[in-house]
Colleague: 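So that we are looking at the same thing, I have put the structure below in structure tokens.
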Amino acid sequence: YCRMSAGKLATMQTTGFGSETLGLRERELVCVFPYIISEGVPSVENFMEETGLRCDNILQIDGQQLLRITRGTLPMILVVSGGKVLAEYGYRDLH
């Protein structure tokens, strides 16, 4: 679901379709990934290249911390302004 969500966001970035809902044009896109070093796990760079997603800032944090922050819901897309969460989306409701 992470790849599919990234693909949806990349399409929104490219076409502008649906991006007004998320405010993609006027907001910075920050992508947060778990910090994983393991054979067979694609790098963040490979993930970005494969999905076509463009992030203004990429962060990597401990996987357990990420699960705690997201309450186990991955992927989680948040629209944030001034430190406040304005909206929360998952794969199924991202359109």
Side-chain angles (χ1 to χ4, degrees):
Y1 289 106
C2 291
R3 284 187 198 288
M4 292 185 286
S5 293
K8 281 185 178 183
L9 284 171
T11 300
M12 289 175 167
Q13 286 177 319
T14 303
T15 65
F17 183 74
S19 65
E20 63 280 352
T21 303
L22 297 176
L24 288 178
R25 295 186 188 273
E26 59 272 355
R27 289 193 176 89
E28 177 182 32
L29 183 61
V30 178
C31 299
V32 182
F33 295 90
Y35 186 72
I36 300 172
I37 298 176
S38 179
E39 279 190 49
V41 176
S43 69
V44 171
E45 292 80 16
N46 286 347
F47 179 86
M48 302 298 281
E49 186 176 316
E50 289 172 11
T51 62
L53 186 63
R54 295 181 320 273
C55 295
D56 299 303
N57 195 359
I58 298 173
L59 305 173
Q60 285 189 275
I61 64 174
D62 175 71
Q64 294 299 318
Q65 184 180 8
L66 182 61
L67 288 174
R68 190 172 56 254
I69 291 168
T70 63
R71 301 175 308 280
T73 303
L74 294 173
M76 179 182 285
I77 296 101
L78 302 174
V79 177
V80 179
S81 181
K84 287 180 135 180
V85 175
L86 304 178
E88 180 179 321
Y89 298 92
Y91 170 73
R92 287 185 176 86
D93 51 10
L94 181 64
H95 23 199

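These figures come from a predicted structure and were not determined experimentally. All heavy atoms count here, side chains included; hydrogens, waters and symmetry mates do not. Residues: numbered from 1 along the sequence shown.
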Colleague: Please say yes or no: joined through hydrophobic side-chain contacts below 4.5 Å, possibly via intermediate residues, are M76 and Y91 part of one cluster?
Modeller: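 No, it is not one cluster - the side chains of M76 and Y91 are not joined through contacts under 4.5 Å.
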Colleague: Please report the C-alpha distance between R54 and L29 in whole Å, then the side-chain angles of each, then the deciding distance to 0.1 Å, and finally whether the side-chain contact (heavy atoms from CB on, under 4.5 Å) criterion is met.
Modeller: CA-CA 8 Å; R54 295 181 320 273; L29 183 61; over 6 Å; no
Colleague: Hydrophobic clustering (ILVMFWY, side-chain heavy atoms < 4.5 Å, transitive) - are L59 and I77 grouped together?
Modeller: no
Colleague: Output the distance between atom CG (D62) and atom CZ (R68), rounded to the nearest 0.5 Å.
Modeller: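 Between atom CG of D62 and atom CZ of R68 there are 7.5 Å.
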Colleague: Would you find a donor on one side and an acceptor on the other, under 3.5 Å apart, between the side chain of D56 and the backbone of V30?
Modeller: no
Colleague: Evaluate whether atom CD of Q60 has more than 12 neighbouring non-hydrogen atoms of other residues, nucleotides or ligands under 6.0 angstrom away.
Modeller: yes
Colleague: Hydrophobic clusters here meaning ILVMFWY residues chained together by side-chain heavy-atom distances under 4.5 Å, can you tell me if L66 and V44 are in one?
Modeller: no
Colleague: At their closest point, which heavy atom of P75 faces which heavy atom of S5, and how far apart are they?
Modeller: CG-OG, 3.2 Å
Colleague: Any chain of hydrophobic side-chain contacts (each under 4.5 Å) joining V32 to L78?
Modeller: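 No, V32 and L78 fall in different hydrophobic clusters.
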Colleague: Give, for atom CD1 of I69 and atom CD of Q64, the distance between the pair rounded to the nearest 0.5 Å.
Modeller: 11.5 Å
Colleague: According to the interplanar angle, ranging from 0 to 90°, do the rings of F47 and F33 count as parallel (below 30°), tilted (30 to 60°) or perpendicular (above 60°)?
Modeller: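 Taking F33 first and then F47, their aromatic rings stand perpendicular (interplane angle over 60°).
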Colleague: Assess whether side-chain contact (heavy atoms from CB on, under 4.5 Å) is satisfied between D93 and E88, documenting all intermediate values.
Modeller: CA-CA 9 Å; D93 51 10; E88 180 179 321; over 6 Å; no
